[in-house]
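When a residue number appears, it is its place in the shown sequence, counting from 1.
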Amino acid sequence: MNWLTNEVMFYSGMIVSACSLIMGLVYLSLSHIRRLRLDMQLDEEYGKREAN
């Protein structure tokens with residue numbers, strides 16, 4: 001297990017963290033776009049929401 005040094009663990013952890021951050025941003029942007037489309041569809045079908 002000579003390949004499993006502190007340096008390898010450090011850089012692989014940074015890569016995993018970066019990938020997680022990128023995938024989180026992709027998920028948030030896609031879910032925001034889907035919400036906007038759903039809101040537009042609901043506004044067409046039921047009208048705008050009244051302010052209380």
Which distance, rounded to the nearest 0.5 Å, do you find between the CZ of Arg35 and the CG of Leu30? 15.0 Å

Are Tyr46 and Leu38 joined in one hydrophobic group, where the rule is that I, L, V, M, F, W and Y side chains link up if heavy atoms are under 4.5 Å apart? yes

Find out whether Cys19 and Ile15 are in side-chain contact, i.e. whether some heavy atom of one side chain is under 4.5 Å from a heavy atom of the other. yes

Remaining members of hydrophobic cluster (4.5 Å side-chain criterion), Leu36: none

In Å, rounded to the nearest 0.5 Å, how long is the span from OG1 of Thr5 to OH of Tyr11? 10.0 Å

Measuring from atom CD of Glu44 to atom CG of Leu42, what distance do you get when rounded to the nearest 0.5 angstrom? 9.5 Å

With a sphere of 6.0 Å drawn around CD of Glu7, does it hold more than 12 non-hydrogen atoms of other residues, nucleotides or ligands? no

Output for pair (Met40 CE, Arg37 CZ), nearest 0.5 Å, gives 8.0 Å

